[in-house]
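Take a look at this one; I'll ask things after.
Numbers for residues simply follow the sequence, beginning at 1. Note that the structure is predicted; figures quoted are calculated from it, not measured.
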Amino acid sequence: QVQLVESGGASVQAGGSLRLSCAVSAYTISSYCVGWFRQAPGKEREGVASINSDGSTRYADSVKGRFTISKDNAKNTVYLQMNSLKPEDTAMYYCAADRAGSWCVGFHGSLKVWYAYWGQGTQVTVSS
């Protein structure tokens, strides 16, 4: 069983930065795809970014150039660095994981149904 625990969420002002962490309790994340999703009240959960076993990445258009996903295999942790935050980035942020594959950094990497393991989420609130 793979467990994921997010941390780092907070309330910040527009233009600020946050770094979210996702600690993964797997033998090694080097064989997993890990994605970050977010869900605002009344909206669907949307894919933000994903990172594959080889370190390749994919981003939603809405966060390109502002967010960076990275990982530390030794620490079994995936990060989401969020810069130039906007009020519309306000949401609960979740990390998710599943076995690595080419799907991870293609269209399917943004779809929640492709991930079997989920964390409980961490809240990010951006005020104007």
Side-chain angles (χ1 to χ4, degrees):
Q1 183 73 11
V2 177
Q3 295 182 324
L4 300 93
V5 179
E6 303 95 334
S7 62
S11 295
V12 297
Q13 290 195 327
S17 298
L18 283 175
R19 188 177 80 158
L20 305 184
S21 298
C22 174
V24 184
S25 67
Y27 177 70
T28 174
I29 63 170
S30 61
S31 59
Y32 283 84
C33 167
V34 179
W36 282 99
F37 288 75
R38 66 186 181 186
Q39 188 167 18
K43 294 189 176 181
E44 289 290 318
R45 191 170 299 189
E46 63 172 352
V48 174
S50 55
I51 186 165
N52 211 352
S53 55
D54 62 358
S56 57
T57 58
R58 177 205 60 81
Y59 295 93
D61 288 343
S62 58
V63 306
K64 279 181 182 176
R66 300 189 299 123
F67 291 11
T68 303
I69 188 170
S70 62
K71 62 176 180 170
D72 185 333
N73 286 338
K75 295 183 177 180
N76 265 19
T77 301
V78 174
Y79 305 98
L80 185 68
Q81 178 67 45
M82 305 186 296
N83 298 329
S84 302
L85 283 162
K86 305 175 181 179
E88 51 263 44
D89 294 318
T90 295
M92 184 71 78
Y93 283 71
Y94 300 88
C95 63
D98 212 313
R99 301 297 284 185
S102 58
W103 64 271
C104 180
V105 292
F107 172 72
H108 296 106
S110 66
L111 301 181
K112 58 185 180 181
V113 296
W114 280 71
Y115 295 83
Y117 307 105
W118 289 83
Q120 294 300 306
T122 186
Q123 178 68 38
V124 172
T125 302
V126 184
S127 58
S128 56

Is the shortest heavy-atom distance from the side chain of Val124 to the side chain of Met82 under 4.5 Å? yes

Group every Ile, Leu, Val, Met, Phe, Trp and Tyr by side-chain heavy-atom contacts under 4.5 Å, then state whether Leu80 and Val105 land in the same group. no

Side chain to side chain, Val24 and Tyr32, heavy atoms closer than 4.5 Å: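 No, their side chains stay 4.5 Å or more apart.
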
Around atom CD of Gln13, are there more than 12 heavy atoms from other residues, nucleotides or ligands closer than 6.0 Å?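 No.
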
Grab the two heavy atoms, one from Ile69 and one from Thr57, that are nearest each other, plus how far apart they are.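 Closest pair (atom of Ile69, atom of Thr57, distance): CG2-CG2, 3.5 Å.
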
Clusters formed by hydrophobic residues whose side-chain heavy atoms approach within less than 4.5 Å: which one holds Tyr79, and what are its other members?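 For Tyr79, no cluster forms, as it stays isolated from other hydrophobic side chains.
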
List the atom of Ala60, the atom of Gly47, and the distance in Å for their closest heavy-atom pair. CB-O, 3.5 Å

Main-chain N/O of Gly9 paired with Thr122 side-chain donor or acceptor, under 3.5 Å: yes

Apply the side-chain contact (heavy atoms from CB on, under 4.5 Å) test between Phe67 and each candidate in Asn83, Val48, Leu18; give the one that qualifies.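 Of all the options given, the one that passes is Val48.
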
Go through the structure and list residues passing salt bridge (charged side-chain N to carboxylate O under 4.0 Å, His left out) with Arg19, not counting sequence neighbours.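 Result, salt bridge (charged side-chain N to carboxylate O under 4.0 Å, His left out) vs Arg19: none returned.
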
Hydrophobic cluster of Leu111, others only, ordered by chain and residue number, side-chain cut-off 4.5 Å: Phe37, Met92, Tyr94, Trp103, Phe107, Val113, Trp114, Tyr115, Trp118

At what distance, to the nearest 0.5 angstrom, does CZ of Arg99 lie from OG of Ser53?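 Reported value, rounded in 0.5 Å steps: 9.5 Å.
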
Output for pair (Leu85 CG, Ser127 OG), nearest 0.5 Å, gives 10.5 Å

Can you name the residues that form a side chain to side chain donor-acceptor pair (under 3.5 Å) with Ser31, not counting sequence neighbours?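 Ser31 satisfies side chain to side chain donor-acceptor pair (under 3.5 Å) with no other residue.
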
Compare every heavy atom of Tyr59 with every heavy atom of Thr68, then report the nearest pair and how far apart it is. CA-OH, 3.4 Å

Thr77 side chain to Lys75 backbone, donor-acceptor under 3.5 Å: yes

Just how far is it from atom CD1 of Ile51 to atom CZ of Arg58, taken to the nearest 0.5 Å?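 Nearest 0.5 Å value for the CD1-CZ distance: 11.5 Å.
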
Side chain of Glu6, backbone of Gln120: donor and acceptor closer than 3.5 Å?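 Yes: the side chain of Glu6 pairs with the backbone of Gln120.
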
Is the side chain of Asn76 donor-acceptor paired with the backbone N or O of Ile29 at a distance under 3.5 Å, no angle test?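 Yes; judged by distance alone, with no hydrogens or angles, the pair exists.
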
Contacts of type salt bridge (charged side-chain N to carboxylate O under 4.0 Å, His left out), residue Glu46, not counting sequence neighbours: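 So Glu46 forms a salt bridge (charged side-chain N to carboxylate O under 4.0 Å, His left out) with Arg38.
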
Give a yes or no on whether a salt bridge exists between Lys64 and Asp61, defined as a side-chain N under 4.0 angstrom from a carboxylate O. yes

Of the non-hydrogen atoms in Ser17 and Ser84, which two are nearest, and what is the gap between them?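 Closest approach of Ser17 to Ser84: OG-N, 4.3 Å.
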
Under 3.5 Å, is there a donor-acceptor pair between the side chain of Asn52 and the main chain of Gly101?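 Yes: the side chain of Asn52 pairs with the backbone of Gly101.
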
With rounding to the nearest 0.5 Å, note down the distance linking CG in Leu20 to CH2 in Trp36. 4.5 Å

Among residues two or more places apart or on two chains, list those pairs meeting disulfide (SG to SG under 2.5 Å) that have a residue in residues 60-124. Cys22-Cys95, Cys33-Cys104

Main chain of Gln3, side chain of Ser25: is a donor-acceptor contact present, judged purely on distance under 3.5 Å?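 A pair under 3.5 Å: yes.
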
